[in-house]
Amino acid sequence: MCGIVGYIGSREAYPIIINGLKRLEYRGYDSAGFILNYSEGMEVVKTKGKVADLETKSEGKKLSANIGVGHTRWATHGEPNDVNSHPHVSTNGEIVLVHNGIIENYDSIKTKLQEEGFTFQSETDSEVLVNLIEYFKKSENLDLAEAVRYALNEVVGAYAIAVLDNSNTDEIVVGRLGSPLAIGMGDNEFFIASDASPFVEFTKDAIYLEDGEMASISRENGVVVKKIVENEIISPSIQKLHLDLEQIEKGGFEHFMLKEIYEQPKSIHDTMRGRLLPEEGIIKMAGIWDHMEKFRNAKRIIIVACGTSWHAGLVGEYLIEEFARIPVEVEYASEFRYRNPIINKDDIVIAISQSGETADTLAALKLAKANGAFIYGICNVVGSSIARLTDAGSFTHAGPEIGVASTKAFTSQLTILTLIALKLGKHNGNLSNEKFMSLCYELESLPTKVEKALKTDALVQEISKVYKDAKNALYLGRGYNFPTALEGALKLKEISYIHAEGYPAAEMKHGPIALIDENMPVIVIAPKKGHYDKVVSNVQEIKARKGQIIAVVTEGDEQVKNIADHVIEIPDCSEEFSPILASIPLQLLSYHIAVMLNRNVDQPRNLAKSVTVE
């Protein structure tokens, strides 16, 4: 949520900041702004709306500085408007700050600062922090970096910040707690950003600040990293970026979401590559193998996640219990951290997060680690907080996912969970070698089957025309495809703003059936494997009440085809793998309906890609 971009060096900062903010638009935002620092003063421009609106507002301004910071804001304290937008300037007009996160004790600090004569223009907690920095700088006669450190030791909450002082045009001070921040290392030039995408074409070297760290960045002294509490200088590790510019461009597609839907054959293949080796009869996963005794002796696996990742975790529960026969519980990370859960030292806690920065999931992991559990991470971003916190883990290798509504990350998460379940099942003896090999070869064929499922696109687009004006939709699935129904409904809600609910098909008679009439589209996931006959009965019950049925079925199906209003066929596969294939037409359905409704597909309202605050 929110996005920070900054630059200090010999180039002009403005185009780097603007282009960087455009790269971070996927994070979700409602306003944007920047500050350029000159020896003779500052240029601060900010506005409600998009980065394009910021560019328009910048016309005619002085924009040739070599140091500056930009920001996209996702509103927490105060409505989205020009005044509440970032950057925020301190009362004396000298210090400027951009901030991602939430300062929880802002109100008490604000009261004290007002007593000291400070004034406030906005409703934000961020303006409180910039004035607190000014207070320490003046009252303690500190330089900017020390004033920032003093202030950060006083605040409670989460933050990634970048701070400039008009009296020094060769320094940016940054700090991080609970919200990501990367520093790109160039040749006597430096970049800062919420992730590496804004500076990938300039440098492949980056420092990722850890929680509780800050840095002073200048051309004269380079990057000096300190621990905020201990005031101790540390030597950070410089990581090589494995990110190419073309990965974060649309590549000829109208939207990132559509591009990412079509990337799934490759992303699933990349997730399996080097891990799934059916010819050798093995699944190679160092994170599991190096800790196999932990997994063998685990009394329980707890999966914690949010949103789409939680749906992947539900499928993971089916997979691990089916193949490995280890009890699994799937928890919303946001609830897990607050309900005083029972966590034992022989538990394994698996966290799933696309970004690796999800605040609730991180907090849940920290709670589990404090209680002695072994923690395992599944995420998509190398160098992310979850990747650094966990005892072991697996990267999905899906590549950057820019669209806010997750698509390829979801199917890659399912692929990782399948690999884990198969590996555990083979090693604890629950899966025979014959069954293991059969499943491995079938899993290897999934990218090709996903390519075939993508060929339903034109049909799905035609179906979308029929239902684009629906006000509600119901998604039904059984067994492995109950989570698929939840995910399909979430996708429609996220990007089209149509109310949709996912249910286990057997639960339809326990309430949702009351909603069904001739105006209600019902999307039924009915592959031939699993509880097919039961789902057919559900379809007949819907039809008897004049519901409009869109059925996702195995190719060649005739029974459901004769009942449903629309049929979308997917390739035949084992039930365990059907959520991956069934997800494809559901993603396309949501996408096309949203486009037809003229929604902002890649940046749906009120949503953010990486939820780094509560």
Side-chain angles (χ1 to χ4, degrees), residues 311 315 318 411 442 446 449-468 470 472-489 491-492 500-590 592-593:
H311 297 155
V315 179
Y318 284 85
T411 51
E442 185 177 359
L446 269 188
K449 291 182 178 180
V450 171
E451 286 182 355
K452 193 170 184 180
L454 284 166
K455 293 179 180 178
T456 64
D457 192 3
L459 171 62
V460 173
Q461 190 168 2
E462 291 304 310
I463 295 171
S464 300
K465 292 177 183 177
V466 179
Y467 297 104
K468 67 180 177 63
N472 301 281
L474 186 63
Y475 287 69
L476 300 176
R478 280 182 179 259
Y480 281 89
N481 283 303
F482 159 50
T484 313
L486 292 175
E487 175 61 13
K491 284 289 138 320
L492 190 67
E501 296 296 336
Y503 269 89
E507 285 293 302
M508 182 181 67
K509 292 188 288 293
H510 296 275
I513 199 168
L515 299 171
I516 295 174
D517 60 19
E518 64 275 12
N519 299 313
M520 171 70 84
V522 183
I523 297 88
V524 182
I525 304 153
K528 198 74 175 179
K529 306 292 172 60
H531 310 283
Y532 178 74
D533 292 337
K534 300 289 187 183
V535 176
V536 171
S537 296
N538 294 132
V539 172
Q540 291 170 329
E541 290 164 351
I542 296 164
K543 200 62 187 172
R545 288 155 182 84
K546 299 182 180 180
Q548 302 297 302
I549 300 169
I550 305 166
V552 179
V553 301
T554 303
E555 57 187 353
D557 180 286
E558 292 296 334
Q559 194 170 357
V560 172
K561 187 176 183 178
N562 290 330
I563 310 170
D565 297 276
H566 310 275
V567 170
I568 305 167
E569 294 187 351
I570 58 173
D572 188 22
C573 67
S574 296
E575 183 188 12
E576 295 88 348
F577 303 145
S578 61
I580 292 176
L581 295 179
S583 295
I584 305 302
L586 301 186
Q587 293 169 357
L588 290 168
L589 183 70
S590 299
H592 287 301
I593 288 176

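- For the pair Lys449 and Ile570, the minimum side-chain heavy-atom distance is 4.5 Å or more.
- Annotation for Gly502 and Ala489: closest pair N-CB, 3.6 Å, computed over non-hydrogen atoms.
- Pairs passing the salt bridge (charged side-chain N to carboxylate O under 4.0 Å, His left out) check and including a residue from residues 572-589, sequence neighbours excluded, read Lys529-Asp572.
- The minimum heavy-atom distance between Ala453 and Leu581, with the atom names listed, is CB-O, 4.3 Å.
- When side chains are defined from C-beta on, Glu487 counts as touching Lys491, because their heavy atoms get closer than 4.5 Å.
- For the atom pair Lys528 NZ and Glu558 CD, the distance stands at 9.0 Å (nearest 0.5 Å).
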Quick one: side chains of residues 512-523, donor-acceptor pairs under 3.5 Å with protein atoms, not counting sequence neighbours, listed by atom name and distance.
unit_1 : atom_1 : unit_2 : atom_2 : d
Asp517 : OD1    : Asn519 : N      : 2.8
Asp517 : OD1    : Met520 : N      : 3.3

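- With values rounded to the nearest 0.5 angstrom, Ile463 atom CD1 is found 10.5 Å from His592 atom NE2.
- The two residues Gly556 and Glu569 make their nearest non-hydrogen contact at N-OE2, 3.5 Å.
- In this structure, the side chains of Ile563 and Gln540 come closer than 4.5 Å at one or more pairs of heavy atoms.
- Distance CD1/Ile584 to CG/Leu589: 13.0 Å, rounded to 0.5 Å.
- Looking only at side-chain heavy atoms (C-beta outward), Tyr532 and Thr554 stay at 4.5 Å or farther from each other.
- With a 4.5 Å cut-off on side-chain heavy atoms, Ile568 and Val553 do not count as touching.
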**OP:** Carefully, step by step, assess Ile580 and Leu446 under the rule side-chain contact (heavy atoms from CB on, under 4.5 Å).
**Re:** CA-CA 8 Å; Ile580 292 176; Leu446 269 188; 3.7 Å; yes
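- For the side-chain contact (heavy atoms from CB on, under 4.5 Å) test, residues two or more places apart in sequence or in another chain that qualify with Tyr318 are Tyr480, Phe482, Pro483.
- Glu462 is linked by a salt bridge (Lys or Arg N to Asp or Glu O under 4.0 Å) to Lys465, counting only residues two or more places apart in sequence or in another chain.
- Asn472 contributes no side-chain N or O that, together with a main-chain N or O of Leu474, makes up a donor-acceptor pair within less than 3.5 Å.
- Of all heavy-atom pairs spanning Pro585 and Val460, the tightest one is O-CG1, 3.9 Å.
- Taking 4.5 Å as the limit, some side-chain heavy atom of Tyr475 sits within range of a side-chain heavy atom of Leu586.
- Remark: Ser583 pairs with no residue by the side-chain hydrogen bond (donor to acceptor under 3.5 Å, both in side chains) rule, at least two apart or across chains.
- Considering all non-hydrogen atoms of both residues, Leu492 and Ala473 come closest at CD2-CB, 3.8 Å.
- Minimum interatomic distance between Pro579 and Thr484 (heavy atoms only, all atoms of both residues): CB-OG1, 3.3 Å.
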**OP:** Would you check, one step at a time, whether the test side-chain contact (heavy atoms from CB on, under 4.5 Å) holds for Asp557 with Val567?
**Re:** CA-CA 9 Å; Asp557 180 286; Val567 170; 5.9 Å; no
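- Glu442 places a side-chain N or O within donor-acceptor distance of the main-chain N or O of Ser574, the cut-off being under 3.5 Å.
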Tabulate below the donor-acceptor pairs under 3.5 Å that side-chain atoms of residues 542-552 make, not counting sequence neighbours, or state none.
unit_1 : atom_1 : unit_2 : atom_2 : d
Lys543 : NZ     : Asp565 : OD1    : 2.9
Lys543 : NZ     : Asp565 : OD2    : 2.9
Arg545 : NH1    : Glu541 : O      : 2.9
Gln548 : NE2    : Lys546 : O      : 3.4

**OP:** Go through Leu588 and Gln461 one step at a time and tell me if the side-chain contact (heavy atoms from CB on, under 4.5 Å) criterion holds.
**Re:** CA-CA 8 Å; Leu588 290 168; Gln461 190 168 2; over 6 Å; no
